[in-house]
Amino acid sequence: DPLAFGIERLRAARATYAHDLVHLEAALPSDRTHAVIRAKQELAGAQHDLRQARFAVAEARRELDVASKRHWGRRDKQALTRCLRAVERADDAVAAAVEVEGGARGRLSAELAARQERARAMEAVAPERAELTQVLGELEAALDDTRAARVAVLAAETIAPAHLVAVIGEPPGDPAGRQAWCGLAYRVESYRDRHPEALGQEACGGVVSALGPRPAARWQRAPEWDDLAGQLAHGVALVAVAAEITGPGERGLENEASAWRKLVERAGHVLDAKTLTHERGISRDQGMELGL
């Protein structure tokens, strides 16, 4: 039984194995795949430049040879001087290109060696990594498989958990509202199953009590947290709208997460339409007629 020792122990075990796996992978040498690609591109560019420089030297020497064989007039002496300087510059360009090419070749060798080192390190920890990955997958599957039943139990409790009440209110008695409540609670519990830092924040109130502090700095994106927090900001309203739009004959399954999710999505569309028509100062019926 995945819940034999309680959901908190299951979450703690998942967090422990996830931490061990992250720690193991962080200790490996960094992946040099992209660095090797860049080094190969850099070497190819340097080799191209070296070929061009050598071609320029050949051209400069050819022109020098032509100038050396012409009649020695004043203009021919000036041409010869220009050709000599051109050959000197071309020789210098070749020397510089050879140095750049050698540096690029050395960096590629270093990156290839680093890639081989990572491959050896990964091979050495492969058994431990595979075991951690397997156990972590089993724990996550246990959390996934039990989540719908856990949420249904939370909805049926006399006193709902504080972290859920803070964002979606108490579970309503209306079946449709309760299903929408379960749909939102399912998302919250899914997040908490995978983010142990969200636990123990109930005293903070609001979204933080359910999801914990935002996991990134204010100016950085945290898509998962931001998306869920944005939905929970209208949690109570979504539950109320779900009760309004569900007919007497519509009943979802108490432990079917897909039905909960679909109902929450429907309620979200209706709530968005209500908000839009209210902002434009028209009634809901008028908004429906206008396709808003």
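Along the sequence shown, the residues carry numbers beginning at 1.
The two residues Trp181 and Gly169 come nearest to each other via the heavy atoms NE1-O, 2.8 Å. The nearest pair of heavy atoms linking Leu238 to Val264 is CD2-O, 4.4 Å.
Within a 6.0 Å sphere centred on OH of Tyr17, other residues, nucleotides and ligands contribute 12 heavy atoms or fewer. Counting non-hydrogen atoms of other residues, nucleotides and ligands closer than 6.0 Å to CD of Glu123 gives a total of 12 or fewer. Applying the 6.0 Å contact sphere to CD of Glu170 captures more than 12 heavy atoms from other residues, nucleotides or ligands. Under a cut-off of 6.0 angstrom, the local environment of CZ in Arg147 is crowded, with over 12 non-hydrogen atoms contributed by other residues, nucleotides or ligands.
In this structure, the side chain of Arg192 engages the main chain of Ala210 through a donor-acceptor pair within 3.5 Å. Side-chain atoms of Arg150 come within 3.5 Å of backbone atoms of Leu143 as a donor-acceptor pair (strictly under, hydrogens ignored). For the pair Trp225 (side chain) and Gly212 (backbone), a donor-acceptor distance under 3.5 Å is present.
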Contacts table for residues 21-33: side-chain donor-acceptor under 3.5 angstrom, sequence neighbours left out:
{"unit_1": "Glu25", "atom_1": "OE2", "unit_2": "Arg129", "atom_2": "NE", "d": "3.1"}
{"unit_1": "Glu25", "atom_1": "OE2", "unit_2": "Arg129", "atom_2": "NH2", "d": "3.2"}
{"unit_1": "Ser30", "atom_1": "OG", "unit_2": "Arg32", "atom_2": "NH1", "d": "3.1"}
{"unit_1": "Asp31", "atom_1": "OD1", "unit_2": "Thr33", "atom_2": "N", "d": "3.1"}
{"unit_1": "Asp31", "atom_1": "OD1", "unit_2": "Thr33", "atom_2": "OG1", "d": "2.7"}
{"unit_1": "Arg32", "atom_1": "NE", "unit_2": "Glu111", "atom_2": "OE1", "d": "2.8"}
{"unit_1": "Arg32", "atom_1": "NH2", "unit_2": "Glu111", "atom_2": "OE1", "d": "3.1"}
{"unit_1": "Arg32", "atom_1": "NH2", "unit_2": "Glu111", "atom_2": "OE2", "d": "3.0"}

List the atom pairs, donor and acceptor, that lie under 3.5 Å between side-chain atoms in residues 92-107 and the rest of the protein, sequence neighbours left out.
{"unit_1": "Glu101", "atom_1": "OE2", "unit_2": "Arg105", "atom_2": "NE", "d": "3.2"}
{"unit_1": "Glu101", "atom_1": "OE2", "unit_2": "Arg105", "atom_2": "NH2", "d": "2.3"}
{"unit_1": "Arg107", "atom_1": "NE", "unit_2": "Glu42", "atom_2": "OE1", "d": "3.4"}
{"unit_1": "Arg107", "atom_1": "NE", "unit_2": "Glu42", "atom_2": "OE2", "d": "3.1"}
{"unit_1": "Arg107", "atom_1": "NH2", "unit_2": "Glu42", "atom_2": "OE2", "d": "2.4"}

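Inter-residue side-chain proximity for Asp227 and Arg187 is flagged as met; some heavy-atom pair is nearer than 4.5 Å. Contact check for Ser258 versus Arg261: side-chain heavy atoms found under the 4.5 Å cut-off. Counting only heavy atoms from C-beta outward, the side chains of Glu128 and Asp20 never approach each other to under 4.5 Å.
Ion pairing of Glu59 with Arg62 is present here, as a side-chain N (NZ or NE/NH1/NH2) and a carboxylate O approach within less than 4.0 Å.
Its side chain within the 4.5 Å cluster rule, Leu43 clusters with Val36, Leu108, Leu112 among the Ile, Leu, Val, Met, Phe, Trp and Tyr residues.
Considering CD of Glu224 and CG of Leu211, their distance stands at 9.0 Å, rounded to 0.5 Å.
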